[in-house]
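Accompanying notes for the structure given below.
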Number of protein chains: 2
Amino acid sequence: MSAETSAGVDNGGPAVAVLVVIFTVVEGELRVLLIQRSAPPDEGNWAIPGGALIADESLDAAAVRKLAEETGVRDVFLEQLYTFSDLDDSAPGGGAAVTYFALVRNDGVRLAERSAWAPGWFAVNALPVLAFHNERVLEVARARLVSKLEYTNAAYSLLPDFFAMSQLQGIYESILGRKLDKRNFRRRMLASDLLRETQQTAKTGPHRPARLYRFARRTPVEF
Amino acid sequence: MSAETSAGVDNGGPAVAVLVVIFTVVEGELRVLLIQRSAPPDEGNWAIPGGALIADESLDAAAVRKLAEETGVRDVFLEQLYTFSDLDDSAPGGGAAVTYFALVRNDGVRLAERSAWAPGWFAVNALPVLAFHNERVLEVARARLVSKLEYTNAAYSLLPDFFAMSQLQGIYESILGRKLDKRNFRRRMLASDLLRETQQTAKTGPHRPARLYRFARRTPVEF
DNA sequence: TCAAAAGTGTTCCACTTACACCCATGT
DNA sequence: ACATGGGTGTAAGTGGAACACTTTTGA
């Protein structure tokens, strides 16, 4: 288990750490996975999950591994974010933290159950006290997430295969932090060529059933 | 002199290397600075200048230092690009290469004069045989440069303080690799709020003198 | 007076935004 | 029948793209 090496660069350890900012959307809220440090420095504070790069492991592979260790999920949106060298003031001799960000469906996640280095979800608007300078990383991650949403299919990673337009809109509203117009949203999405209409509908209450859509591709699309 | 550690990750060296893709525009051509390797591996091939991160040096500082070592210039557009872990197949145990890209005015540059590890400018459309997988880095750098040009003042770094609209357009055309419409270009630039009109004009030949403009800010602007 | 680059407006189209009502269903 | 969320169209504004002629200067 390598979550103990969470965040930043370990004292005396390897010079390259990989951090993964893991986002999800639950109850209309954008949340991020953090891990509570159980050892100095910054003991008790919360940090972005991460660990050292293993010999001969690529950065992408390390990020995939880290994400799987923390959440059990694979094949989701995962992209490199930025590389920081000055997050951990206490690390001797510097080193670099290569950060990634990922989007996962809340209902697919199995968080590790441990009392030390315990993981937890936090609304990005109500963060706990963070270790190192992780708020800087989260700020960058959030900005990138918003801009990725605008021109990629990133949201596929937050929805089931088939979904109603209103579910998709809810994801967008949660991430962008504002309400969107239903008609304009639908028009824009359908024009984007990211979605495909299906013949399925979902009956979810005392109202008209919603037509279901799926993403044309459920893999990251480069622009 | 640390140019000898050019490109990739040195065998047995530190785990973090910093590479700087240095672009300039000369004679209507986008060119990139490369260094010819004078030792294995890939001896004789050309590589992006770079070197190891010094202890306690930030990544940004290392990039600034590298750029100054190779060109003598400072205070230009310089931005982190991407971090690669799989450029140098021959490096043992992996490691990471944090890449940056910079834009410099050709007439401000003083290249190091050495016969080994000699630097040279190459048109991006006529690259020599590259060491490691540097073509991947250049491809990413070029794409980022194009997109940065669209919504930032990055071009300030390629022009003198005062310049004619046609000079600016020439820079854009060289980087984008296509002709632009004069009227649309001018309108878009003036609407962007990146430029300021000056009262100066330049007489440069048997034709009407051009009004000169300057950038509102000559520092990188975040969006 | 000629050659050369500077400078200038309008039309069309595509896309974004704002905005309000009817539809299908379950209880 | 009513409450609930699903689904639809139009008009105004904005920004990009296409397109050609006049102006100022030096030689």
Side-chain angles (χ1 to χ4, degrees), chain A residues 25 27-28 146-153 155 159-215 223, chain B residues 25 27-28 146-153 155 159-215 223:
Chain A
V25 172
E27 296 167 17
V146 166
S147 78
K148 279 287 165 178
L149 211 56
E150 283 172 5
Y151 64 99
T152 74
N153 63 348
L159 287 167
D161 276 27
F162 292 76
F163 52 87
M165 196 60 82
S166 60
Q167 290 179 277
L168 181 62
Q169 184 172 343
I171 294 289
Y172 272 68
E173 290 177 340
S174 301
I175 293 175
L176 299 177
R178 61 193 162 88
K179 289 287 178 188
L180 300 173
D181 180 89
K182 186 164 41 159
R183 283 166 290 190
N184 294 340
F185 181 79
R186 169 181 295 263
R187 196 188 358 256
R188 197 154 50 82
M189 283 297 143
L190 293 177
S192 75
D193 212 53
L194 296 172
L195 297 188
R196 298 284 176 263
E197 189 175 309
T198 75
Q199 293 318 306
Q200 320 238 18
T201 56
K203 304 182 203 284
T204 59
H207 53 79
R208 180 170 172 178
R211 156 144 287 127
L212 299 184
Y213 296 83
R214 60 184 175 82
F215 277 97
F223 53 101
Chain B
V25 172
E27 296 166 19
V146 166
S147 78
K148 279 288 165 177
L149 210 55
E150 282 171 6
Y151 64 99
T152 73
N153 63 348
L159 287 167
D161 277 25
F162 292 75
F163 52 87
M165 194 61 81
S166 59
Q167 289 179 277
L168 181 62
Q169 184 172 344
I171 294 289
Y172 273 67
E173 290 177 338
S174 302
I175 293 175
L176 300 177
R178 61 192 162 90
K179 289 286 179 190
L180 300 174
D181 180 89
K182 185 160 49 157
R183 281 166 293 189
N184 293 339
F185 180 80
R186 170 183 295 264
R187 193 186 4 255
R188 197 156 49 83
M189 283 298 144
L190 293 176
S192 75
D193 212 53
L194 295 173
L195 298 188
R196 298 285 176 262
E197 189 175 309
T198 74
Q199 293 319 305
Q200 320 238 18
T201 57
K203 304 183 203 284
T204 59
H207 54 80
R208 182 169 170 177
R211 155 144 289 127
L212 299 183
Y213 295 82
R214 58 183 177 83
F215 276 97
F223 53 100

message = Is there a side-chain contact (heavy atoms from CB on, under 4.5 Å) between B/R211 and B/Q199? Walk through the geometry before answering.
response = CA-CA 7 Å; B/R211 155 144 289 127; B/Q199 293 319 305; 3.7 Å; yes

If I take atom [atom1] in residue [X] and atom [atom2] in nucleotide [N], what distance separates them, rounded to the nearest angstrom?
X	N	atom1	atom2	result
A/Y172	C/dT16	OH	P	13 Å
A/L180	C/dA18	CG	P	11 Å
A/R183	D/dG6	CZ	P	14 Å
B/R211	D/dT24	CZ	C1'	13 Å
B/K179	C/dA5	NZ	P	11 Å
A/R178	C/dA18	CZ	C1'	14 Å
B/L168	C/dA5	CG	P	18 Å
B/Q200	C/dA6	CD	P	17 Å

Below 3.5 Å, does any donor atom in the side chain of [X] face an acceptor in the base of [N], or the other way round?
X	N	value
B/R186	C/dA6	no
B/R188	D/dA17	no
B/K182	C/dG7	yes

query = So, the side chain of A/Y213 versus the backbone of A/L190: is there a donor-acceptor pair under 3.5 Å, distance only?
reply =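 No: the side chain of A/Y213 does not pair with the backbone of A/L190.
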
Nearest-neighbour nucleotide for the [X] side chain, [options] considered:
X	options	answer
B/N184	D/dG5, C/dA18, D/dA18	D/dA18
A/R208	C/dG7, C/dA5, C/dA24	C/dA24
B/D181	D/dC19, D/dG7, C/dA6	D/dC19

message = Nearest 0.5 Å, please: how far is CD in A/E173 from CG in A/L168?
response = 10.0 Å

query = What is the distance from atom CZ of B/R186 to atom CG of B/D181, rounded to the nearest 0.5 Å?
reply =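 Separation between the atoms: 11.5 Å.
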
request  = Pick base, sugar-phosphate or nothing for B/R187, based on heavy-atom distances below 4.0 Å to the nucleic acid.
outcome  =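 Contact class for B/R187: base.
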
query = Under 30°, 30 to 60°, or over 60°: which ring-plane class applies to B/F163 and B/F215, parallel, tilted or perpendicular?
reply =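 Tilted, since the angle between the ring planes falls between 30° and 60°.
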
message = Let me spell it out: for each of A/G205 and B/T201, pick the nucleotide of DNA chain C with the closest heavy atom. Which residue's pick is nearer the 5' end?
response = B/T201

note = Per nearest nucleotide of DNA chain C, the residue lying toward the 5' end, A/P209 or B/P209, is B/P209

ask   = Using a cut-off of less than 4.0 Å, is there contact between a side-chain N or O of B/S166 and OP1 or OP2 of C/dA6?
value = yes

